[in-house]
Amino acid sequence: MSTTDSAHADASDPAPKLFALEVLKGRLVRIDPGSGETTIISSELAEAPDGIVIDRENFRALITQMGQPDHAPAPGEEPPFTTRNGSVVAVDLNTGTLAEVVRRGTFTTGKQIARNPADGRIYWADREGRAIYRCEADGSNVTPVVETADRGPNSSEEECVGVAVDAENKMLYWTIKGPADGGKGRILRAGLEIPSGSTAANREDYEIIAAELPEVIDLDLDLDAGVLYWTDRGVGPLGNSLNRARIPAAGKTITAPTVLETGFHEAIGLALDLPSGLAYVSDLSGEIRAVDLTRGTSRTVTVLEGAATGIALG
């Protein structure tokens with residue numbers, strides 16, 4: 001891996017670049033998908049960055065932070081993040097300057113983040129807060145659109161992690177990962193707007209479109225092809241994997257999902273480069289892989305110095 005330190009990116013460069021988060025080092029890095037060359041954009045993400053989406057119009061990365069953990073982790077375990085100290089920040093991709101978008105403590109544990117290109121609204125998952133939130137592009141009007149607390153058999157089966165927006169059909173998709181390696185992961189969807197007379201906590205318009213997944217994490221959509229992609233960090237033949245399936249019609253569930261690639265070290269982030277026929281997957285070993293969506297083969301793009309969480313193409 002070749003790594004350089006620079007806070008400057010070239011907004012005029014037409015070649016796609018990957019942007020990835022190193023959660024323990026608090027870094028945002030830019031990666032050349034061809035050469036694997038890595039440039040540090042920011043090292044100021046001090047509170048466990050997890051989800052990332054690129055706001056191309058404003059040439060910035062929108063990033064969720066999980067906040068400070070409750071205490072140091074036990075060896076080989078992830079620390080708990082139950083304190084309400086999550087945030088959403090923006091990093092200027094030219095200068096590396098950090099700005100707060102959603103104030104620290106507005107929610108609990110920020111995970112995957114998505115942006116609706118139709119109106120610029122931002123959506124993100126709050127794992128321990130057991131909710132999906134939305135705000136305007138400037139961070140105003142923060143509101144939960146889904147609250148899952150007390151709607152499952154236990155708190156671990158209520159934790160939201162992945163989120164994706166279908167602006168065309170005005171639908172919201174999200175994942176509930178379930179307990180670690182527990183085979184209780186689910187993918188759900190609902191309308192972008194809460195039905196009249198309902199709240200985020202009691203809305204009944206959601207559907208469970210996939211269940212009993214090992215430990216589903218992040219989502220992405222290919223709306224032109226009608227296909228949903230997701231990563232899974234669980235164990236077993238279907239875990240540590242990149243998967244896809246046809247988006248089911250209303251009232252239907254996913255059938256015959258395809259496992260595109262396995263062997264990740266706890267797969268987390270996902271970014272689709274559909275013109276190139278590729279998906280990029282990050283994992284907690286720091287490896288970034290490019291997966292050929294036709295052949296299902298993969299190659300290592302780079303290996304970061306620390307554990308990788310969210311990735312995005314921009």
Side-chain angles (χ1 to χ4, degrees), residues 23 50-51 64 66 77-78 80-82 108-114 123-132 146-166 171-190 206-222 227-248 252-272 279 281-285 291 307-311:
V23 61
D50 188 90
T64 60
M66 293 189 283
E77 294 183 4
E78 183 179 351
F81 286 89
T82 63
T108 306
T109 315
K111 301 301 287 182
Q112 191 178 16
I113 186 170
Y123 294 77
W124 68 95
D126 179 354
R127 188 178 63 190
E128 276 77 0
R130 293 173 287 171
I132 305 293
V146 174
E147 292 180 319
T148 58
D150 301 322
R151 302 194 73 170
N154 53 66
S155 61
S156 68
E157 293 184 52
E158 299 166 350
E159 294 181 343
C160 305
V161 174
V163 65
V165 174
D166 176 354
M171 298 297 292
L172 178 71
Y173 290 76
W174 72 96
T175 67
I176 292 179
K177 76 179 191 69
D181 303 324
K184 299 290 186 180
R186 290 177 288 163
I187 303 175
L188 304 92
R189 69 180 170 193
Y206 68 89
E207 300 176 280
I208 300 170
I209 62 171
E212 298 183 355
L213 301 173
E215 194 178 349
V216 59
I217 303 295
D218 282 3
L219 295 171
D220 209 342
L221 297 167
D222 177 359
V227 175
L228 173 67
Y229 290 81
W230 67 92
T231 56
D232 196 300
R233 65 181 286 188
V235 297
L238 300 180
N240 277 310
S241 57
L242 171 65
N243 309 268
R244 72 178 171 199
R246 298 291 303 177
I247 298 172
K252 303 294 184 179
T253 59
I254 284 173
T255 58
T258 299
V259 179
L260 288 167
E261 181 63 300
T262 59
F264 299 99
H265 303 284
E266 301 202 51
I268 304 291
L270 171 61
L272 296 179
V281 176
S282 59
D283 69 29
L284 293 184
S285 75
V291 180
T309 48
I311 58 172

For residues [X] and [Y], determine if any side-chain heavy atom of one lies less than 4.5 Å from a side-chain heavy atom of the other.
X: Ile208; Y: Thr253; answer: no
X: Ile254; Y: Trp230; answer: yes
X: Leu242; Y: Leu270; answer: yes
X: Gln112; Y: Trp124; answer: no
X: Leu221; Y: Tyr173; answer: yes
X: Leu219; Y: Val163; answer: no

[atom1]/[X] to [atom2]/[Y] distance, rounded to the nearest 0.5 angstrom?
X: Thr82; Y: Glu128; atom1: OG1; atom2: CD; value: 7.0 Å
X: Arg151; Y: Tyr206; atom1: CZ; atom2: OH; value: 4.0 Å
X: Glu207; Y: Ile187; atom1: CD; atom2: CD1; value: 13.0 Å
X: Asp222; Y: Arg244; atom1: CG; atom2: CZ; value: 9.0 Å
X: Asp232; Y: Ser241; atom1: CG; atom2: OG; value: 4.5 Å
X: Leu213; Y: Thr175; atom1: CG; atom2: OG1; value: 9.5 Å

Check: [X] side chain, [Y] main-chain N or O, donor-acceptor pair, under 3.5 Å:
X: Ser282; Y: Thr309; value: yes
X: Arg186; Y: Glu157; value: yes
X: Asp220; Y: Tyr229; value: no

Could you walk me through whether Glu159 and Arg130 pass the salt bridge (charged side-chain N to carboxylate O under 4.0 Å, His left out) test, one step at a time?
CA-CA 5 Å; Glu159 294 181 343; Arg130 293 173 287 171; over 6 Å; no

Looking at every non-hydrogen atom in both residues, tell me the closest pair between [X] and [Y] and how far apart they are.
X: Asn240; Y: Arg233; answer: OD1-O, 3.7 Å
X: Trp174; Y: Ile132; answer: CB-CD1, 3.8 Å
X: Ala267; Y: Val281; answer: CB-CG1, 4.0 Å
X: Thr231; Y: Gly269; answer: CG2-O, 3.7 Å
X: Leu272; Y: Ala279; answer: CD2-CB, 3.8 Å
X: Met66; Y: Val23; answer: CE-CG2, 4.0 Å

side-chain contact (heavy atoms from CB on, under 4.5 Å) assessment of Arg189 paired with Ile247:
CA-CA 11 Å; Arg189 69 180 170 193; Ile247 298 172; 3.6 Å; yes

State whether Glu266 and Lys177 are salt-bridged, where the test is any N-O pair (Lys NZ or Arg NE/NH1/NH2 against Asp/Glu carboxylate O) under 4.0 Å.
no

Trace of the side-chain contact (heavy atoms from CB on, under 4.5 Å) decision for Leu284 with His265:
CA-CA 6 Å; Leu284 293 184; His265 303 284; 5.9 Å; no

Thr148 and Glu158: side-chain donor and acceptor closer than 3.5 Å?
no

Do Ile113 and Tyr123 pass the side-chain contact (heavy atoms from CB on, under 4.5 Å) test, and can you show the C-alpha distance, the side-chain angles, and the key distance before you say yes or no?
CA-CA 6 Å; Ile113 186 170; Tyr123 294 77; over 6 Å; no

CA sep, side-chain torsions, deciding dist, call: Leu260, Asn243, side-chain contact (heavy atoms from CB on, under 4.5 Å):
CA-CA 5 Å; Leu260 288 167; Asn243 309 268; over 6 Å; no

